[in-house]
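Note sheet for the following structure.
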Number of protein chains: 2
Amino acid sequence: MAQQPDTVTRILDTAEVLFAERGFAETSLRNITSKAKVNLAAVNYHFGSKKSLIQAVFARYLDPFTVRFHAALDELEARHEGGVIPLEELLETMARSVLEVPAERNSLKVFMRLLGLAYSQAQGHLRRYIQDEYGSVFSRFTELVRLATPDLPDAERFWRLHFMLGTVIFTLSGLDALRDIAEKDYGEHVGMRDLVRRLRPVVVAGMNAPLPDTITAQREPIQGERPQREMV
Amino acid sequence: MAQQPDTVTRILDTAEVLFAERGFAETSLRNITSKAKVNLAAVNYHFGSKKSLIQAVFARYLDPFTVRFHAALDELEARHEGGVIPLEELLETMARSVLEVPAERNSLKVFMRLLGLAYSQAQGHLRRYIQDEYGSVFSRFTELVRLATPDLPDAERFWRLHFMLGTVIFTLSGLDALRDIAEKDYGEHVGMRDLVRRLRPVVVAGMNAPLPDTITAQREPIQGERPQREMV
DNA sequence: GAGATATTCAAACAATTGTTTCCAATGACG
DNA sequence: CGTCATTGGAAACAATTGTTTGAATATCTC
């Protein structure tokens, strides 16, 4: 029996790879089931629908991540005994948690790519699902970041966190394409770990950047909210 | 009565909005043609295929952008008479060029979202198309950045440019969703112009961040704390 | 004007999609 | 052994996809 993984596992393993390579809409159930050597109906039988399969793929990463991250934050808070946790330690902890989860399956690349897809798929169910299911961990983290950066206005911190999120997700999710260019032009082979090392000082510097000029006198007329023209 | 725009224009106008909202694969030609009040066959007649339509949507933004950006760089180089152009001016010029293009059509949001989709759509024709068609402008820009940051190793600069690209594209392409949260939590209405103002110091600080620790897993995070070490 | 070209239109095309159906195989339990 | 619920498999389902067709109409050229 242990010769081959469970049918459910085989589906998930194959689906996450194909999703990461081609996106959700571009990956058909027949693509998945044929490559996983399972029957087509198995997906609907085990998961109910393609949507649920996608969510299951995410849950398999995010569930372990949240427990691990919560534990890491617990330990971090205990170590500082209610004191303020430095920003660098917070970022370091988050990075370590993210890196640890898929380590056993050697698929950090897949994980980041999935996150990137989830975010770019702004319209859909996925974003809501992730927000509802895993938003609390993020809230806890941002609250700690708030304590660590008391001089930063709330709104500014909010945006900078998302700037940094963009830096990481964008780069790591597009790693394959970028790596080809980098390797060709600079002869340097970059691994995921190497990229994370390069990211750290940039992220820290971005968070600690000086505040923007407060020349807010200029009201912006551009980018109004009304639709550009009624397409009758 | 103002006569309706050209069929081709109506298709492009509708297609770019729908693509930006739902992605390429999730937007059918029937979605586009019905909303644009155009016959279904019109797309294949005027553009040949859906792929070509997608490329045409991009070309309508990128063509004006490249000529404008080239002109801006020409002017910038002339002003410095062969001398080195400071990094901040380069970034400023790029930002201004990006902002100017869709200004007349009130659709910077759409433009950024399309760019984000193009990048997340790792597989395929779009990335190659953009690279082949508009890679030269980017090369010229990066070369100028190289001259502006002589102390940065080539590979490091390459990655940092993409880090910053991620920051901008990720944030601006997901602006709608983020803005809702920001407005609810901080009561602050953020416009595109406002975001760009916030982005600038972060991007500059990220580019000027201290170099990462050299290889071999060192646990010495002291270096990153003070971010504003100038490299130029 | 007539003729040629360009565009629009409704309909059909073939291919692919996610999902469901029905039946055989399996294995647990009395 | 017999019964029953669970699971796997091939085929069919209904819906949607991008694309093509051929005739009708508009637009332009001489």
Side-chain angles (χ1 to χ4, degrees), chain A residues 1-59 114 117-118 121 123-126 128-129 231-232, chain B residues 1-59 114 117-118 121 123-126 128-129:
Chain A
M1 299 288 192
Q3 214 163 354
Q4 231 177 3
D6 194 66
T7 298
V8 176
T9 314
R10 271 218 313 286
I11 293 177
L12 286 174
D13 286 343
T14 312
E16 73 175 22
V17 172
L18 291 182
F19 284 155
E21 281 178 359
R22 304 134 74 143
F24 303 117
E26 293 85 353
T27 303
S28 71
L29 292 185
R30 285 171 178 81
N31 280 335
I32 299 172
T33 54
S34 71
K35 184 166 183 181
K37 298 210 191 301
V38 304
N39 189 270
L40 169 62
V43 165
N44 284 286
Y45 175 77
H46 285 287
F47 297 93
S49 69
K50 185 181 181 181
K51 249 199 268 206
S52 304
L53 169 63
I54 295 176
Q55 295 180 352
V57 166
F58 273 86
L114 289 177
L117 284 177
Q121 204 120 96
Q123 179 66 2
H125 62 110
L126 240 187
R128 238 185 330 273
Y129 167 76
M231 341 196 137
V232 180
Chain B
M1 171 158 348
Q3 63 182 12
Q4 276 198 354
D6 195 57
T7 299
V8 176
T9 314
R10 273 219 310 287
I11 293 176
L12 286 174
D13 286 343
T14 313
E16 72 175 22
V17 172
L18 292 182
F19 284 155
E21 281 177 359
R22 305 134 76 141
F24 303 116
E26 294 84 353
T27 303
S28 70
L29 292 185
R30 286 171 178 80
N31 280 333
I32 299 172
T33 53
S34 71
K35 185 166 184 184
K37 304 266 190 251
V38 159
N39 190 272
L40 169 62
V43 166
N44 285 286
Y45 175 77
H46 285 286
F47 297 94
S49 68
K50 185 181 181 182
K51 248 198 270 203
S52 304
L53 169 63
I54 296 176
Q55 295 180 351
V57 167
F58 274 86
L114 289 177
L117 283 178
Q121 206 117 93
Q123 88 128 10
H125 65 110
L126 238 188
R128 238 186 326 275
Y129 168 75

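Values below: all heavy atoms of this structure, side chains included; hydrogens, waters and symmetry mates excluded.
For the pair B/Leu53 CG and D/dT19 P, the computed distance is 10 Å after rounding to whole Å. Atom CG of A/Leu40 and atom P of D/dG8 are 13 Å apart (whole Å). At whole-Å resolution of the value, CZ in A/Arg22 and P in C/dT16 are 13 Å apart. When the C1' atom of D/dT16 is taken as reference, atom CD1 of B/Ile32 falls 15 Å away, rounded to whole Å. Distance A/Glu26 CD to D/dT16 C1': 16 Å, rounded to the nearest Å. Atoms CZ (A/Phe47) and P (D/dG8) sit 11 Å apart, rounded to a whole Å. For the pair B/Leu18 CG and D/dT17 P, the computed distance is 12 Å after rounding to whole Å. Rounded to an integer number of Å, the gap from CG of B/Leu29 to C1' of C/dA11 is 17 Å.
Distances shown here put a side-chain N or O of A/Ser28 below 4.0 Å from the OP1 or OP2 atom of C/dT17. Phosphate contact (OP1/OP2 of D/dG18, side-chain N/O of B/Asn44, threshold under 4.0 Å): absent. Between C/dA6 and B/His46, no contact under 4.0 Å exists linking OP1 or OP2 to a side-chain N or O. Of the side-chain N and O atoms in B/Thr7, one or more sit less than 4.0 angstrom from OP1 or OP2 of C/dT8. The side chain of B/Asn39 places no N or O atom within less than 4.0 Å of a non-bridging phosphate oxygen (OP1 or OP2) of C/dT7.
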Original post:
Between A/Phe58 and A/Leu117, does a side chain to side chain contact (heavy atoms under 4.5 Å, CB included) hold up when you go through it step by step?
Top reply: CA-CA 11 Å; A/Phe58 273 86; A/Leu117 284 177; 5.7 Å; no
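Nearest nucleotide to the side chain of A/Ala41, out of D/dT19, D/dA10, C/dC9: D/dA10. Checking C/dA12, C/dT8, C/dT19 against every side-chain atom of B/Tyr45, the shortest atom distance belongs to C/dT8. Across D/dG18, D/dA11, C/dA6, the shortest atom-to-atom separation from the side chain of B/Lys50 is found for D/dG18.
Residue contacts shown for A/Thr27 are limited to sugar-phosphate atoms, with no base heavy atom under 4.0 Å away. Heavy atoms of B/Ala42 sit nowhere under 4.0 angstrom from any nucleic acid atom.
The structure places CG of A/Leu40 at 5.0 Å from CZ of A/Arg30, a figure rounded to the nearest 0.5 Å.
Annotation: side chain of A/Thr33 is not in contact with side chain of A/Asn39 (no heavy-atom distance under 4.5 Å).
Put simply, the residue from B/Thr14, B/Ile32, B/Val17 that forms a side chain to side chain contact (heavy atoms under 4.5 Å, CB included) with B/Thr27 is B/Ile32.
By the 30° and 60° cut-offs, the orientation of the rings of A/Phe19 relative to A/Phe24 is perpendicular.
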